[in-house]
Amino acid sequence: TGLIEGQSAAGISFVASTAAGINNTGVVAGNTAGVKLQNATIAGALNNAGVIRATVGAGASISGNVAINGGLNNTGSILGQTGISLASASFTGAVDNAGLIEGSASGVLIANASTANVINNTGTIVGGGAALSLSGVVALNTFNNAGELSGQTGIGLNNANVNGTINNTNLITAASTGLSIENTTFAGTFSNTGIVSAQSGIFLANSTITGSISNDGQVIGSRAGLS
């Protein structure tokens, strides 16, 4: 319930190490990361019911081979330039967000990474750029949005090779594009049974779709629904 702060690095850092679990109901603050996990194993869970924040980095930074056996569970706030970053990572463990994940650049960034389990959002994910950003080679098991994604772009796939499933059953709102796929090979599945609302609902450019995009909900574009 107190404060853990790293003024020049991470608030909490586990590199090539093992921890029983991390439970935060206070504030974890860092410069480069709020919580940094690199080639680490968390035998239990990472539970946040407080605030995890970073000044210039990610609220939660995950890289290398990382396992969180009890999952990353957020009912509080995770804040940073990126809310949660999975970069050059092989990640085992579910992510469940029922709180707020917010990044001035991206809410959740998955870059050159693979996830073995499910990412579930029933809360809010906000990005100054994209709420969910995928780039590089990404093997995504499943991303389920039953909450709200909000940003300049709702979901952005840029310069990526992506395989996995993305489901929206609630709301994606964006100032520019709801789902943007640019310079990307998408071999996965995007399914919308909720609402996607933006200037352009779905935008495709210089991309190859070998998977599927299906809509049984509403895709609303003030300029174009699909372009």
Side-chain angles (χ1 to χ4, degrees), residues 1-17 19 22-40 42 46-66 68 72-91 93 95-97 99-115 119 121 123-138 140 143 148-160 174-177 180 182:
T1 58
L3 169 67
I4 298 173
E5 184 175 11
Q7 294 184 341
S8 63
I12 294 174
S13 178
F14 289 102
V15 177
S17 57
I22 301 171
N23 295 294
N24 176 53
T25 56
V27 176
V28 176
N31 185 38
T32 56
V35 174
K36 176 182 178 180
L37 302 176
Q38 182 177 348
N39 294 315
I42 306 299
L46 194 168
N47 296 316
N48 177 53
V51 176
I52 297 174
R53 67 171 187 256
T55 304
V56 297
S61 174
I62 298 171
S63 62
N65 294 311
V66 172
I68 306 176
L72 192 166
N73 307 302
N74 179 52
T75 56
S77 298
I78 300 177
L79 314 170
Q81 187 173 23
T82 302
I84 295 177
S85 171
L86 281 72
S88 300
S90 176
F91 175 63
V95 176
D96 287 299
N97 177 53
L100 171 66
I101 299 171
E102 183 171 1
S104 58
S106 300
V108 175
L109 169 66
I110 305 175
N112 292 311
S114 63
T115 62
I119 300 174
N121 177 52
T124 303
I125 300 176
V126 179
L132 172 64
S133 178
L134 307 179
S135 64
V137 179
V138 174
L140 176 68
F143 181 94
E148 181 176 356
L149 304 182
S150 177
Q152 186 71 17
T153 299
I155 299 173
L157 286 67
N158 197 355
N159 294 308
S176 179
T177 309
S180 175
E182 298 184 67

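For clarity, every value in this text was computed on a predicted model and none was experimentally measured.
Shown are Asn47, Ile78, Leu37; of these, the side chain to side chain contact (heavy atoms under 4.5 Å, CB included) with Leu72 is made only by Ile78.
How far OG of Ser88 is from CG of Asn112: 5.0 Å, rounded to the nearest 0.5 Å. Residue Asn74 holds its CG atom at 9.0 Å from CG of Leu46, rounded to the nearest 0.5 Å. Taking OG of Ser63 as the start and CD of Gln38 as the end, the distance is 4.0 Å to the nearest 0.5 Å. From Thr75, atom OG1 reaches atom CG of Asn73 across 8.5 Å, with rounding to the nearest 0.5 Å. To the nearest 0.5 Å, the span separating CG on Leu134 from CG on Leu109 amounts to 8.5 Å. In this structure, Ile22 CD1 and Asn48 CG are separated by 10.0 Å, a value rounded to the nearest 0.5 Å.
With a 4.5 Å cut-off on side-chain heavy atoms, Phe143 and Leu149 count as touching. The closest side-chain heavy-atom distance from Leu86 to Val138 is not below 4.5 Å. The side-chain heavy atoms of Ile110 and Phe91, taken from C-beta on, include no pair separated by under 4.5 Å. Contact annotation: the side chain of Leu132 never approaches that of Ile125 to less than 4.5 Å [non-hydrogen atoms, C-beta and beyond].
Of all heavy-atom pairs between Gly154 and Ala174, the closest is N-CB, 3.6 Å. In plain terms, the two heavy atoms of Ala130 and Gly156 that are nearest each other are CB-N, 4.3 Å. Contact record, Gly59 with Ala54: N-CB, 4.0 Å, taken as the closest heavy-atom pair. Considering all non-hydrogen atoms of both residues, Ser135 and Ala160 come closest at CA-CB, 3.8 Å. In terms of heavy-atom proximity, Asn39 sits nearest to Asn65 at OD1-N, 2.9 Å. Here the closest non-hydrogen pair linking Thr82 and Ile84 is CG2-O, 3.4 Å.
For Asn31 (side chain) and Gly6 (main-chain N/O), no donor-acceptor pair under 3.5 Å exists by modelled atom type.
Residues satisfying the side-chain hydrogen bond (donor to acceptor under 3.5 Å, both in side chains) test with Glu5, not counting sequence neighbours, are none. In this structure, the side-chain hydrogen bond (donor to acceptor under 3.5 Å, both in side chains) partners of Ser180, at least two apart in sequence or on a different chain, are Glu182.
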